[in-house]
Amino acid sequence: MSSSTSFTAPTNLLTNSVTTLSSTTRRHKNHRRGPPSVQCSSQNPNTSKHVTTNKSRQSLVSKPIIGAASVSLASILILSNGGGSGGGWFGCGSGGGGGGGGEGGFWRKLFAPATANAEEDRRSEESWDSHGLPANIIVQLNKLSGFKKYKISDILFFDKRRQVTVGIDDSFFEMVSLRPGNVYTKSQLQKELETLSNCGMFEKVELESKTNADGTLGVTISYLESTWQSAEKFRCINVGLMQQSKPIEMDADMTDKEKMEYYRSQEKDYKRRIERARPCLLPVNVEREVLQMMRDQGKVSARLLQRIRDRVQRWYHDEGYACAQVVNFGNLNTKEVVCEVVEGDVTQVVIQYLDKLGNVVEGNTQLPVIRRELPKKLRQGEVFNIEDGKQALRNINSLALFSNIEVNPRPDEKNEGGIILEIKLKELEQKSADVTAEWSLVPGSGGRPTLASLTPGGTVSFEHRNLKGLNRSILGSVTTSNFLNPQDDLAFKLEYVHPYLDGVYNTNNRTLRTSCFNIRKLSPVFTGGPGVEDVPPIWVDRAGFKTNITENLTRQSKFTYGLVLEEVTTRDESNQISANGQRVLPSGGISADGPPTTLSGTGIDRLAFLQANITRDNTKFLNGTIVGSRNVFQVDQGLGIGSNFPFFNRHQLAMTRFIQLRDVEEGAGKPPPPVLVLHGHYGGCVGDLPSYDAFTLGGPYSVRGYNMGELGAARNILELGAELRVPVRNTHVYAFAEHGNDLGSSKDVKGNPTEVYRRMGQGSSYGVGVKLGLVRAEYAIDHNSGTGAVFFRFGERY
């Protein structure tokens, strides 16, 4: 008969690894301190390599024969062979694991390279003693002096079964804590041998040394690899949050019958353990791959289990399950190998607020505001995934309420294999104010500015955020070019933002925004075409009230709808109301007989309209370059309320495609792909259309190579563009071609400003450019005139 039991060591990796995601924001803007990073480290300050071996487990990981029945090696301990927290996989503690109190081990060195390297540096710099023996002789370990410190020159692994010597690149070598160039005592070498002997990886292992002429020793570790019968099935189970089995020690005075009953009891316990375990996340295709590895190998060997462990863990880590580890193999010497995995189940989510000194304090933000930003897979009962942690970091950062954010998974000491997710937040000040000053220097007498010619201007802004801890805020700003005489061009905006309109516990994500405003902009409708210079500008003042509701459909896609009530006033350079556009006469005088500027013909319009906007954005950054698609549709519907009862429908659709031209590997430091950008924009209006709301052609965000509105103002327009982006070092160069057309609708705009100011109504351009940080440096050729010019622009065109 064949029996099987399982023994699982404490999960050293899960109790000593720390993964940290962090983001820092300055003031109230969403500036991130670089991409979220993952850091796994061990937190044990001890460096002792001395261990004690659990003798009962020693006997259970061998292959005893009782009577004529073969008793299976039930399991191989992955992290420790004893009760200690150290150990390499399969219980090989690399000189420090495999017993109670072991502190070293492969996992510790893998996930805490700084600590391991420091220990190795200390050993390599330690003083040592010459062996004092003739060169090139073999010295058994028990013949070495217990009072000397020996320096190891090289280490070899010799496979007795295959009769080959393996190098440091072999997977077995990672279990050994000995390193060439370091200094060790006889006791430490004996502990290394004891740990390797008891880890279950080897049927037999020996350590011998060879003397060198320079007084150092070369070490050779000879071994016979453990093997078991071939298996036909493979099962992966999640043993997280399950109590680790603690086998009863077997009495040396047991009879054969008592021993058999003991093994049967162990087998039953392990079967119950398998039944209670949950299925793991490992996909079927990986299980099939493991099965194929087992079929190709034949007998199950320690090296095969290494490969299975590596393949399983590689899938978990590639998929972002940073806390998942293989902790045990069971059912060996049966037809089914059971791989036990601790996947990292989230047992708690703890949110903490910190002050400037890092002390835990009571925060102002209500906890439901934070919890609703957590991905569904980052909650209690789910398996921790690093990508979900990054998503939580981005979501919380988008609230713009915190100067520093950390998402820290740490081991749950009360639930073995569990993860406590700590979210640490530093809140921004609720109230803030900024003053941005601008000075306009006007030449005085002699061409030099005097104190009286300094005209102070700028913006005063204030914000009261996170009202009642529910992320509600009041924002305001006042802008003028002359604080000494602000009534000339004073602009202001006061806005109230009310998120979670349906309640903070409601899954709907709707935000109410209400604002009153007074803004001034230069109208591109009244702009001269080629050869027409010095067209007097017309300024458009808009004052009114706006309220809208925004529904976030996805993280980047949204639907906004609302009501706008506004008064529009058109003014000339002298700030006087201008009912018509102006032009310069040959005599130098100014004539105000141009196209009407407003729908009412008085220079002042009052109107009310509904506004809706839907954005479908599936773009993403691939190694720093945007790929994907973006569609934006907007419609303004007049209600027939206001001057001359304006009733209209103004609509526009923009579609942009960022087409990846070559497949690239995604990751930090990887090159971005070349991208072809295709863009189309259609705008149209039916009904009443005031001149200031006509669609304009030309400019950096319309058709490059032309000034704003230089091609015309129309009721219907079509814009087409293409841009080829090629990465070069840390930036990209690009070539572009664009075309804009008024579709013959310029004449339908009141007064036909396109014809009055001698504009073409259509035009094309092409050119090249380079991205320099936030600046675009472009050379664009105006196809209408055949001339080119260099432009510097901020931001992206698409």
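Here the CD atom belonging to E373 is positioned 12.5 Å from the CZ atom belonging to R394, to the nearest 0.5 angstrom. Between atom CZ of residue R630 and atom OG1 of residue T656 there is a gap of 6.0 Å, rounded to the nearest 0.5 Å. Atoms OH and CZ, on Y734 and R776 in that order, are 5.0 Å from each other to the nearest 0.5 Å. Going from atom CG of D782 over to atom OG1 of T787 covers 5.0 Å, rounded to the nearest 0.5 Å. Put simply, CD on Q762 and CG on L718 are 11.0 Å apart, with the number rounded to the nearest 0.5 Å.
Distance alone, capped at 3.5 Å, places no donor-acceptor pair between the S557 side chain and the T554 backbone. Under a 3.5 Å cut-off, the side chain of T597 and the backbone N or O of G581 do not form any donor-acceptor pair. Without hydrogens or angle criteria, N623 side chain to P671 main chain gives a donor-acceptor distance under 3.5 Å. For the pair S745 (side chain) and D748 (backbone), a donor-acceptor distance under 3.5 Å is absent. Under the 3.5 Å distance criterion, the side-chain polar atoms of N548 are left unmatched by any main-chain donor or acceptor of G562. Under a 3.5 Å cut-off, the side chain of R725 and the backbone N or O of I626 do not form any donor-acceptor pair.
Residues passing the side chain to side chain donor-acceptor pair (under 3.5 Å) test with Y757, sequence neighbours excluded: none. In this structure, the side chain to side chain contact (heavy atoms under 4.5 Å, CB included) partners of S477, at least two apart in sequence or on a different chain, are T459, S461, K493. In this structure, T527 has no side chain to side chain donor-acceptor pair (under 3.5 Å) partners at least two apart in sequence or on a different chain. Listed by chain and number, the residues in a salt bridge (charged side-chain N to carboxylate O under 4.0 Å, His left out) with D605 amount to none (sequence neighbours excluded). Residues satisfying the salt bridge (charged side-chain N to carboxylate O under 4.0 Å, His left out) test with E573, not counting sequence neighbours, are none. In this view, R704 and E723, E738, E778 satisfy the side chain to side chain donor-acceptor pair (under 3.5 Å) rule, not counting sequence neighbours. In this structure V478 satisfies the side chain to side chain contact (heavy atoms under 4.5 Å, CB included) test together with L490, F492, sequence neighbours excluded. Take E551 and apply the side chain to side chain donor-acceptor pair (under 3.5 Å) test, not counting sequence neighbours, and it matches Y561.
The shortest heavy-atom contact between F462 and L494 is CZ-CD1, 3.9 Å. Summarising the geometry of P753 relative to P595, their closest heavy-atom pair is CA-CG, 3.7 Å, with the distance given to 0.1 Å.
Within the structure, ring pair (Phe, Tyr, Trp, His ring centres under 6.0 Å) pairs that include any residue of residues 578-598 do not occur (at least two apart or interchain). Sorted by first then second residue, the ring pair (Phe, Tyr, Trp, His ring centres under 6.0 Å) pairs that include residues 671-719, not counting sequence neighbours, are H679-Y798. Within the structure, the ring pair (Phe, Tyr, Trp, His ring centres under 6.0 Å) test picks out no pair touching residues 518-552 (sequence neighbours left out).
D617 and T615 are not linked by any side-chain donor-acceptor pair at a separation below 3.5 angstrom, with hydrogens and angles left out of the test. Counted by atom type alone, H783 and S764 present zero donor-acceptor pairs between their side chains at under 3.5 Å. Side-chain contact, S578 with N580: no donor N or O sits under 3.5 Å from an acceptor N or O. Counting only N and O atoms by type, the side chains of T598 and T570 include no donor and acceptor under 3.5 Å apart.
Residue F791 qualifies as enclosed at atom CZ: its count of foreign heavy atoms under 6.0 Å is above 12.
Partner of S765 under the side chain to side chain contact (heavy atoms under 4.5 Å, CB included) criterion, chosen from I781, N784, V703, L711: V703.
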CA sep, side-chain torsions, deciding dist, call: Y766, V768, side-chain contact (heavy atoms from CB on, under 4.5 Å) = CA-CA 7 Å; Y766 54 90; V768 295; over 6 Å; no
Check step by step if side chain to side chain donor-acceptor pair (under 3.5 Å) holds for S643 and S600.
-> CA-CA 6 Å; S643 305; S600 64; 4.8 Å; no
Donor-acceptor list for residues 663-670 side chains, cut-off 3.5 Å, not counting sequence neighbours:
none

